[in-house]
Amino acid sequence: MKKMILAGTLTVSLLTTGFSFNAQAQENLAVPTALTDQNLFAATSENQQQIQSYEDLYKMMLISKLAFAEDELTISANKNNNSFTLKVSLEMIKRSYDQDQNLYYEGKEAFYQYYEELKKTFGDSIQVKFIKSGDSFKAEIYAEGKWHQVTNEEVQGIIMLMNRADFDLKSGGYFKDSIGHWAESYIQFLYQMEIVNGTSDTTFNPNGQVTRGQLAGMIFRATGLDKDADYEGPATYTDLQNFWGAKEVAILQDYGLIDIFDGSKFEPNKPVTREEMAYVTASLLVAQGLDPEVVGMTNTFTDQNQMREETIKPIGLLQQLELIGGENGKFNPKGNLTRAQFSKIMTLSLFVITEE
């Protein structure tokens, strides 16, 4: 008889308590506006308050980006000169007020009062560049056609304004091979949630294939189960004697999360297929309380004839949740997936779970 995962065992309490999906009102910020304080354009680097390391700031902003729509905030990194630029849409700020969210530290009234002047000064978006300087960083803002250094107060205000990662960052995780990668925010988020690890201190190998063993490890960490307390004996697979995740695989098997691997061997180093990933991910979602009947499991991919029968509905579930997509109407169930692709799917799955 398969075990049941109790709702609430998921180890993402940090996600629900320390990560804000909505912009928070910024009250009492003593930050001068570019419209009234011309010192903005005369600040020197000596006046800037260095809050944290450049690497931590970059990681924090990557995570914060997940709280915004793609057209609201972008991050452009230049790994050659150790800088990155935040671009914040003025329209996003305007939309935020429709939800009573005060993203502009001068408040709603001032924002609308000076909106046309803001557009004249900054254009359609406010751009802030952070540049590594020694062990810390300096910041510049793009206004009136050129870059200007900003004061220490303004640096603090910008960071408080955009930060949605309200928790202590883990050390490490500044993956140089992922800088500028489309999945970098998802990768960083899962690293902070302790669900993924790098291939080294400074690399993640985002385009590498996900193996069965890696999939099992990431899914296990997302369950909140304990590899010692919840372990009751080895798995039925015969090839796990020297595998680092043998206990994790055994526990996942007990809970019925990896039934798709129904052979006598688990083959932990074998690249996982897209349909296997979908089955296991869907099993995690259901185990954490998602009702597939409410969501629906309609699978509209045109290559269902290439899918294992038991994966058709799980793939449909992820499709209905918009966690997966295909190409030209096909899912390519026998294909493999990259570590970057799964990082996105896993992150979005965690968001679904926390909404339940």
Side-chain angles (χ1 to χ4, degrees), residues 65-66 69-71 74 177-178 180-190 195-196 199 204-220 222 249 252 256-263 265-288 290-353 355-356:
K65 183 178 183 292
L66 295 174
E70 290 186 7
D71 64 338
T74 61
D177 64 345
S178 300
H181 195 284
W182 65 264
E184 191 176 11
S185 288
Y186 303 113
I187 293 167
Q188 187 58 227
F189 178 79
L190 292 183
I195 291 176
V196 301
T199 53
F204 183 76
N205 189 21
N207 298 321
Q209 293 182 336
V210 177
T211 66
R212 289 182 172 187
Q214 290 171 347
L215 176 69
M218 290 184 283
I219 291 291
F220 180 82
V249 170
L252 292 179
L257 299 185
I258 55 173
D259 288 351
I260 192 67
F261 305 118
D262 54 5
K265 293 184 179 181
F266 182 67
E267 299 178 280
N269 296 320
K270 183 177 181 179
V272 71
T273 65
R274 288 166 59 83
E275 66 179 352
E276 290 168 345
M277 173 280 300
Y279 183 96
V280 174
T281 303
S283 297
L284 172 67
L285 290 168
V286 173
Q288 292 287 355
L290 181 75
D291 188 343
E293 300 298 331
V294 173
V295 175
M297 295 178 284
T298 302
N299 184 329
T300 65
F301 291 114
T302 60
D303 53 354
Q304 289 186 37
N305 62 333
Q306 298 177 31
M307 300 175 186
R308 289 177 56 171
E309 183 178 356
E310 63 266 48
T311 68
I312 293 176
K313 286 187 176 181
I315 291 171
L317 177 64
L318 299 193
Q319 185 184 20
Q320 293 304 312
L321 289 168
E322 300 183 350
L323 301 183
I324 58 173
E327 187 173 349
N328 298 321
K330 296 183 178 181
F331 180 64
N332 187 21
K334 306 302 182 188
N336 303 123
L337 75 159
T338 65
R339 287 163 58 82
Q341 290 170 334
F342 185 68
S343 292
K344 179 177 180 179
I345 294 169
M346 185 77 257
T347 297
L348 297 181
S349 297
L350 295 181
F351 290 175
V352 168
I353 290 172
E355 291 173 358
E356 290 299 305

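Numbering starts at 1 and runs along the sequence shown. In this text the structure is predicted, and so the values were computed from the model without any measurement.
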* If we only count heavy atoms from C-beta on, is the D259 to Y279 side-chain gap below 4.5 Å? ->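 Yes, at least one pair of side-chain atoms sits under 4.5 Å.
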
* Side-chain heavy atoms of F301 within contact of P333, under 4.5 Å ->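 Heavy-atom side-chain distance check fails, nothing below 4.5 Å.
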
Listed by chain and number, what are the side chain to side chain donor-acceptor pair (under 3.5 Å) partners of [X], not counting sequence neighbours?
| X | answer |
| --- | --- |
| S185 | none |
| N269 | none |
| T199 | T203 |
| T311 | E275 |

About how many Å separate [atom2] of [Y] and [atom1] of [X], when rounded to the nearest 0.5 Å?
| X | Y | atom1 | atom2 | value |
| --- | --- | --- | --- | --- |
| R274 | T281 | CZ | OG1 | 11.5 Å |
| L284 | L350 | CG | CG | 7.5 Å |
| I260 | M277 | CD1 | CE | 12.0 Å |
| K344 | L66 | NZ | CG | 10.5 Å |
| N207 | D177 | CG | CG | 8.5 Å |

* Asked: Does the side chain to side chain contact (heavy atoms under 4.5 Å, CB included) test come out yes or no for L290 and L317, once each step is laid out?
  -> CA-CA 10 Å; L290 181 75; L317 177 64; 4.1 Å; yes

* **Given V352, L321, V286, the one that forms side chain to side chain contact (heavy atoms under 4.5 Å, CB included) with V295** =>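 Checked V352, L321, V286 against V295; only one passes side chain to side chain contact (heavy atoms under 4.5 Å, CB included): L321.
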
* To do: Go through the structure and list residues passing side chain to side chain contact (heavy atoms under 4.5 Å, CB included) with V210, not counting sequence neighbours.
  =>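 Residues passing side chain to side chain contact (heavy atoms under 4.5 Å, CB included) with V210: Q214, L215, M218, V272, L337, R339, F342.
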
* Residues in side chain to side chain contact (heavy atoms under 4.5 Å, CB included) with I312, at least two apart? ->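 Checked I312 against side chain to side chain contact (heavy atoms under 4.5 Å, CB included); matches are N299, Q304, M307.
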
* Scan residues 292-312 for pairs that pass salt bridge (charged side-chain N to carboxylate O under 4.0 Å, His left out), counting only residues two or more places apart or in two chains. =>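 Non-adjacent pairs meeting salt bridge (charged side-chain N to carboxylate O under 4.0 Å, His left out): D262-R308, R308-E310.
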
* Quick one: ring pair (Phe, Tyr, Trp, His ring centres under 6.0 Å) partners of F266, sequence neighbours excluded? ->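 Scan of F266 (ring pair (Phe, Tyr, Trp, His ring centres under 6.0 Å), adjacent residues dropped) gives Y237, F261.
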
* Partner residues of Y186 under the ring pair (Phe, Tyr, Trp, His ring centres under 6.0 Å) criterion, sequence neighbours left out ->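 By the ring pair (Phe, Tyr, Trp, His ring centres under 6.0 Å) rule, Y186 matches no residue at all.
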
Which heavy atom of [X] sits nearest a heavy atom of [Y], and at what distance?
| X | Y | answer |
| --- | --- | --- |
| A287 | L257 | CB-CD2, 3.9 Å |
| V249 | I258 | O-CD1, 3.6 Å |
| S349 | L285 | O-CD2, 3.6 Å |
| F204 | S343 | CZ-OG, 3.8 Å |
| I187 | P206 | CD1-CB, 4.1 Å |
| A278 | P314 | O-CB, 4.1 Å |

* **Where at least one partner belongs to residues 313-330, residue pairs that pass side chain to side chain donor-acceptor pair (under 3.5 Å), sequence neighbours excluded** =>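 Side chain to side chain donor-acceptor pair (under 3.5 Å) check on residues 313-330 returns T300-Q319.
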
* Residues in salt bridge (Lys or Arg N to Asp or Glu O under 4.0 Å) with E184, at least two apart? ->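 Applying salt bridge (Lys or Arg N to Asp or Glu O under 4.0 Å) to E184 gives none.
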
* List in chain and number order the residues that pass salt bridge (Lys or Arg N to Asp or Glu O under 4.0 Å) with R212, two or more places apart in sequence or in another chain; answer none if no residue qualifies. =>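 Checked R212 against salt bridge (Lys or Arg N to Asp or Glu O under 4.0 Å); matches are E267, E276.
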
* Checking S178 side chain against H181 main chain: does a donor-acceptor pair fall under 3.5 Å? ->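 No, because the side chain of S178 does not come within donor-acceptor range (under 3.5 Å) of the backbone of H181.
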
